[in-house]
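The structure under discussion appears below in the form of structure tokens.
Side-chain atoms are counted along with the backbone in the values below, which use heavy atoms only and exclude waters and symmetry mates. Just so it is clear: chains get the letters A, B, ... in the order the sequence lines come, proteins before strands, and each one is counted from 1.
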Protein chains: 2
Amino acid sequence: MISSTVENYLKELFLLDPRSEKQIATGELAKVLCVTPGSATSMIKTLAQSGLVEHRPHYGVKLTEQGRNLAVHVVRRHRIVELFLVNILGMDWGEVHDEAEQLEHVVSDDVITRMDELLGHPTHDPHGDPIPTPEGEIPERSLQLLSFCNEGDNVAIARIGNQDAAFLKFAEDNGLLLGASIEIKHRNDIADSITIQSQGKEVVLGLAAAGRIEVEDV
Amino acid sequence: MISSTVENYLKELFLLDPRSEKQIATGELAKVLCVTPGSATSMIKTLAQSGLVEHRPHYGVKLTEQGRNLAVHVVRRHRIVELFLVNILGMDWGEVHDEAEQLEHVVSDDVITRMDELLGHPTHDPHGDPIPTPEGEIPERSLQLLSFCNEGDNVAIARIGNQDAAFLKFAEDNGLLLGASIEIKHRNDIADSITIQSQGKEVVLGLAAAGRIEVEDV
DNA sequence: TGGCTCCTTTTGGTTAGTCAAAAGTTTACT
DNA sequence: AGTAAACTTTTGACTAACCAAAAGGAGCCA
Ligand SMILES: [Mn+2]
Ligand SMILES: [Mn+2]
Ligand SMILES: [Mn+2]
Ligand SMILES: [Mn+2]
């Protein structure tokens, strides 16, 4: 049986590089997993032993085909659970990440299949992240960072690339929900800010924050 | 944080003696948990250290007030999850036990509260077992074992005290669902069997099997 | 009072996962 | 080429949980 710990390592490697092209640094992996670099090294060696990652010591680590497949399925479980918690149980989109972080390791494929059905075979989670299919395919969309939009653009919010509960609360409070139409009012590269209008309300964001929001042309 | 392992030990102690009156033998606990007696002994010592059980070496172990409280909450989570899987996700009542065995350790109180609400504050799980309240109260019913019923009795099935999937499948296939009205047709203590009629269909059960079914007078 | 059987506990050892700190590599800069 | 900074790996140690097998207690029966 594959442990939750291993699933978390594989999943984070996937999230750090969904195509599994780059060599991920041990330290970077350790950071997102909140473990020491030494712990990451030793787990990486174990994973390499099992053929789940390829390790080039001192250069980095990369998922193998097999490791990536496992990771994609963990991500599928995570995202379906998140959407389920929001759509069926009425939870807040800022609360569901931590919950799904645990549930992703214990819900069976049967339960996931049933949730998927009940939700109508959704393609994206509550934060706009794609839900891999049971076969491991990942629906692609061409999105643009809000921080790259220009004055006058009319776009719809498509993804929030920040799982932080406080950020999600802020976004929600300001009407920045998935699908919301917004217009870029001002953009000031010197002041590092962007002003958008959503449902009549103006919101000013720093470009760093705007860089965590992705939008679609309307 | 309290581990799944500890939760399982406490829960099984509770299930072996819901009132926590008796001294449970180490070997009995070990058996239901599928561990060796030695493993159970060492965990019991740990639990005693934490004040969750009282241990009289060579005589047995018993939950403390604190340990019983924790156990009751694990049982609450288990049973709400089971009912949720059956009523909302449409799973079979024979499949949900193993699933709930894992989920009981990771679903948050918030999720349980929401499931409870969605289910309309149910009092019993899919197998007729009582669901403890958030305060730890356990609804009592006065039930009778099917094996003690007499010819001519008209009763309703109220509980199946056997989590075995094959047994539950058999029961379901023969219309022995919770709430089903049945009449006791024959009873033969010599042959160790009882014949009941449910929805026109006659079913013969050994008295041992009938002893795992509890009924309510109608 | 022994002795026997059935449990329980103890002992010694394993595995997964972790950390702190020492040791080793790579790279970039002088 | 030599050195220092930044990173990675190794080492040694710890905890939770488990097992197999040896040792220890309780109750029973002669
Ligand atoms: Mn996780
Ligand atoms: Mn998400
Ligand atoms: Mn369990
Ligand atoms: Mn049940």
DNA chain D-proximal residues of residues 7-14 of chain B, any heavy atom under 4.0 Å: B:Tyr9
Estimated bend of the helix from C:dT1-D:dA30 to C:dT30-D:dA1 (axis per five terminal pairs, rounded to 10 degrees): 30°
Sugar-phosphate only, base, or nothing, as touched by A:Ser3 at under 4.0 Å among non-hydrogen atoms: sugar-phosphate
Stretch residues 37-44 of chain A: residues that reach within less than 4.0 Å of DNA chain C through a heavy atom: A:Ser39, A:Ser42, A:Met43
Segment of DNA chain C, first to last nucleotide, that comes within the 4.0 Å heavy-atom reach of chain A: C:dG17 to C:dT27
Residue pair B:Ser147 / B:Gly211: nearest heavy atoms and the distance that separates them: OG-CA, 3.4 Å
From CA spacing to verdict: side-chain contact (heavy atoms from CB on, under 4.5 Å), B:Val215, B:Leu143: CA-CA 6 Å; B:Val215 298; B:Leu143 301 181; over 6 Å; no
No-hydrogen, no-angle side-chain donor-acceptor test under 3.5 Å, A:Ser108 and B:Glu99: yes
Side chain to side chain, A:Ile24 and A:Lys62, heavy atoms closer than 4.5 Å: no
Side chain to side chain contact (heavy atoms under 4.5 Å, CB included) partner of A:Val81, the single match among A:Val86, A:Val96, A:Ile112: A:Ile112
Side-chain ion pair, B:Glu104 and B:Lys11, N-O less than 4.0 Å: yes
Working for side-chain contact (heavy atoms from CB on, under 4.5 Å), residues B:Thr133 and B:His121: CA-CA 9 Å; B:Thr133 67; B:His121 306 291; over 6 Å; no
Presence of salt bridge, A:Arg76 and A:Asp116, under 4.0 angstrom: yes
Pair B:Leu207-B:Ile194, side-chain contact (heavy atoms from CB on, under 4.5 Å): steps then yes or no: CA-CA 6 Å; B:Leu207 285 180; B:Ile194 191 164; 4.0 Å; yes
Derivation of the ring-ring contact (aromatic ring centres under 6.0 Å, His included) call for A:His78 and A:His97: CA-CA 8 Å; A:His78 183 102; A:His97 183 78; 4.8 Å; yes
Residue whose closest nucleotide on DNA chain C lies nearer the 5' end, A:Val6 versus B:Lys45: B:Lys45
N-O pairing of B:Arg187 and B:Asp189 below 4.0 Å: yes
Worked verdict on B:Ile160 versus B:Asp129 for side-chain contact (heavy atoms from CB on, under 4.5 Å): CA-CA 8 Å; B:Ile160 309 270; B:Asp129 287 305; over 6 Å; no
Please list each protein N or O that sits under 3.5 Å from an N or O in nucleotides 25-28 of chain D, with the distance.
none

Any donor-acceptor N or O pair under 3.5 Å, side chains A:Arg159, A:His124: no
Selection: residues 19-28 of chain B, any non-hydrogen atom under 4.0 Å of DNA chain D: none
Side chains of B:Asn8 and B:His105, donor plus acceptor under 3.5 Å: yes
Under-4.0 Å salt bridge between B:Arg77 and B:Glu7: yes
Parallel, tilted or perpendicular: rings of A:His127 and A:Trp93 (30°, 60°): parallel
Pairwise side-chain contact, B:Asn87 with B:Leu119, heavy-atom cut-off 4.5 Å (strictly under): yes
Separation of D:dA17 C1' from B:Ile2 CD1 (nearest whole Å): 15 Å
Check: A:Phe14 and A:Leu70 side chains under 4.5 Å, non-hydrogen atoms: no
